[in-house]
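So the structure is just underneath, and the comments pick up after that.
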Amino acid sequence: MATDKDLIPEKPINQLYDKAVEIIETARNNTYRQINENLVRRNWDLGKLISEEEIRGRDRTELYGLEVIKSLAKRLTLRYGKGFTKTNLYSFTNFYKMFPDIFHTACGKSFHLLSWSHYRTLLQVLDDAGRAWYEQEAFQQGWSVKTLQRNINSQYYYRLLSSQKKDLVEKEMLELTAPLQTNDPTDFIKNPVIGEFLGFTPDTSFRESELEQAIIDNLEKFLLEMGKGFAFVARQQHIHTEKEDYYIDLVFYNYILKAFVLIDLKTSKITHQDVGQMDMYVRMYDELKRGEGDNPTIGILLCAETDEDIARYSVLHDNDHLFASKYMLYLPTPEQLRREIERQKEIFLLQQQEKKSEV
């Protein structure tokens, strides 16, 4: 009896597949370019609108521009959500001022547009020549946002200008930034800024592997079932700084401790950078969310490699004694967390084996 494989020669189906992939990839790339250009254009237009209103109001008061942004941010946020905060409106305004001609080329069309995340990163470069150079290199070399940020942080442009051995500077840059580059065609969908622009709700599945998802799902249940005062606040909570977008895996409020508890899971060994990032989360939460009567925010950094240190706890403001004597009464111990993560890894492994046996 002939099978499907016998009926369809391999070479024609391979050619058909290659052409289908080409059509799909072309459509994806065109969609990305259209979405990105609309997003960049929207932000530029808003920046232009605000800048022109600031100019009109200069004779009224020096604070007129600040009040315009404050009032506009409040009303736009009520209607469209968090993509129109004061910080974002300031970025749009600076974008228009720093790139006034980006949509006014000789032919009347935009040219070699980067992503909005690239432009937001470029706003850190106050020198016009340096900013123009980073913009051109980012486009021509296909730098990711992380690569661009790293090169700005390392003063790549200025080191090239002053160096007698430019090839060595370029080699160092390539070695350090190569791991930051990505060719994932779905990155633009994962980008939270694109998601907000299209009106998507946050989708945690874009940012978590199946194992991470399983562990975090069950950690949430585990903590709520401990009966030690945990109340769920948020999952994959987005924190945006001037340089980066971050996501905190789980956020709780402990009403016994009267403190926010932040939990972040790492699938590899915990690094000093991970600890520093958690401390940043804690500081930001203390500044932005902590209310009167709340105790300092607690950060728990977990590692899925449970043969390594399972947890690092972070409480800033020199509250070590308070943390040791009181907080540990209501927080899970490292051993409890280790057992729970190991249990979920075993369950996950069994589920994967069952799926394979069903195929």
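Not measured: the values here are computed from a predicted model.
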Cluster overlap L49 with Y80, hydrophobic side-chain contacts below 4.5 Å: no
Closest non-hydrogen atom pair, K97 against P100: O-CD, 3.5 Å
Test side-chain hydrogen bond (donor to acceptor under 3.5 Å, both in side chains) applied to Q344 and E340, step by step: CA-CA 6 Å; Q344 293 310 322; E340 181 61 21; 3.0 Å; yes
Verify same cluster id: L126, L123 (apolar side-chain graph, 4.5 Å): yes
F84 vs R79, side chain to side chain contact (heavy atoms under 4.5 Å, CB included): CA-CA, chis, key distance, verdict: CA-CA 10 Å; F84 300 94; R79 180 161 182 167; over 6 Å; no
Euclidean distance, L301 CG relative to D274 CG, rounded to 0.5 Å: 5.5 Å
Residue pair L302 / I263: nearest heavy atoms and the distance that separates them: CD1-CG2, 3.7 Å
Test item: side-chain donor near acceptor, D127 and Y158, under 3.5 Å: yes
Rounded distance (nearest 0.5 Å) linking atom CG of L148 with atom CZ of F139: 14.0 Å
Stepwise salt bridge (charged side-chain N to carboxylate O under 4.0 Å, His left out) check, E52 with K48: CA-CA 6 Å; E52 290 174 346; K48 182 174 185 287; 2.8 Å; yes
Test item: side-chain donor near acceptor, S154 and R150, under 3.5 Å: yes
Minimum heavy-atom distance I300-M278, with the two atoms named: O-CE, 3.6 Å
Over 12 foreign heavy atoms within 6.0 Å of CD, E22: no
Check: I50 main-chain N/O paired with T93 side-chain donor or acceptor under 3.5 Å: no
Stepwise side-chain hydrogen bond (donor to acceptor under 3.5 Å, both in side chains) test for D294 and Y253: CA-CA 10 Å; D294 287 342; Y253 187 83; 2.6 Å; yes
Any donor-acceptor pair under 3.5 Å from N29 side chain to E25 backbone: yes
Beyond-backbone contact of F230 with E225, side-chain heavy atoms, under 4.5 angstrom: no
Side-chain donor/acceptor of T77 to backbone N/O of A73, under 3.5 Å: yes
Point-to-point distance, once rounded to the nearest 0.5 Å, from CD1 of I69 to OG1 of T85: 10.5 Å
Close side-chain approach of L337 and L219, heavy atoms under 4.5 Å: yes
Sub-4.5 Å side-chain heavy-atom contact between L114 and W143: no
Ion pair check, R41 and D45, cut-off under 4.0 Å: yes
Nearest atoms (heavy-atom pairs only) where Y96 meets G47: CB-C, 3.7 Å
Donor + acceptor pair across side chains of H118, S115 (<3.5 Å): yes
Verdict with reasoning, R42 to L46, per side chain to side chain contact (heavy atoms under 4.5 Å, CB included): CA-CA 6 Å; R42 182 204 70 179; L46 286 171; 4.2 Å; yes
Student check: side-chain heavy atoms of Q124 and Q149 closer than 4.5 Å: yes
Donor-acceptor under 3.5 Å (N38 side chain, Q34 main chain): yes
Hydrophobic cluster identity match, F92 and L78, side-chain contacts under 4.5 Å: no
Euclidean distance, N254 CG relative to K228 NZ, rounded to 0.5 Å: 10.0 Å
Donor-acceptor pair, side chain of N88 and main chain of G83, under 3.5 angstrom: yes
Straight-line distance of I152 CD1 to L122 CG, nearest 0.5 Å: 5.5 Å
side-chain contact (heavy atoms from CB on, under 4.5 Å) against A27, all qualifying residues, sequence neighbours excluded: none
By side-chain hydrogen bond (donor to acceptor under 3.5 Å, both in side chains) - contacts of D264 (at least two apart): K266
Between NZ on residue K86 and CG on residue L76, distance to nearest 0.5 Å: 14.0 Å
Side chain Y285, main chain F260, donor-acceptor under 3.5 Å: no
Criterion ring pair (Phe, Tyr, Trp, His ring centres under 6.0 Å) on W116 and F95, from CA distance to verdict: CA-CA 10 Å; W116 167 243; F95 177 46; 5.1 Å; yes
Test ring pair (Phe, Tyr, Trp, His ring centres under 6.0 Å) applied to Y156 and W133, step by step: CA-CA 10 Å; Y156 179 38; W133 184 86; 5.4 Å; yes
For F232, all residues meeting side-chain contact (heavy atoms from CB on, under 4.5 Å), sequence neighbours excluded: E220, L224, R235, L250, F252
Derivation and outcome, ring pair (Phe, Tyr, Trp, His ring centres under 6.0 Å), residues W44 and F103: CA-CA 9 Å; W44 188 89; F103 288 101; 5.4 Å; yes
Test log, rule side chain to side chain contact (heavy atoms under 4.5 Å, CB included), inputs L72 and L89: CA-CA 9 Å; L72 189 60; L89 294 188; 4.1 Å; yes
Check against side-chain hydrogen bond (donor to acceptor under 3.5 Å, both in side chains), N151 and Y157: CA-CA 8 Å; N151 290 341; Y157 168 67; over 6 Å; no
Exercise: identify the closest heavy-atom pair between L262 and V251: CD2-CG1, 3.8 Å
For the student: nearest non-hydrogen atoms of V125 and Y134, plus distance: CG2-CD1, 3.9 Å
Same cluster (ILVMFWY, side-chain, under 4.5 Å), L288 and M280: yes
Salt bridge flag under 4.0 Å for residues E287 and R283: no
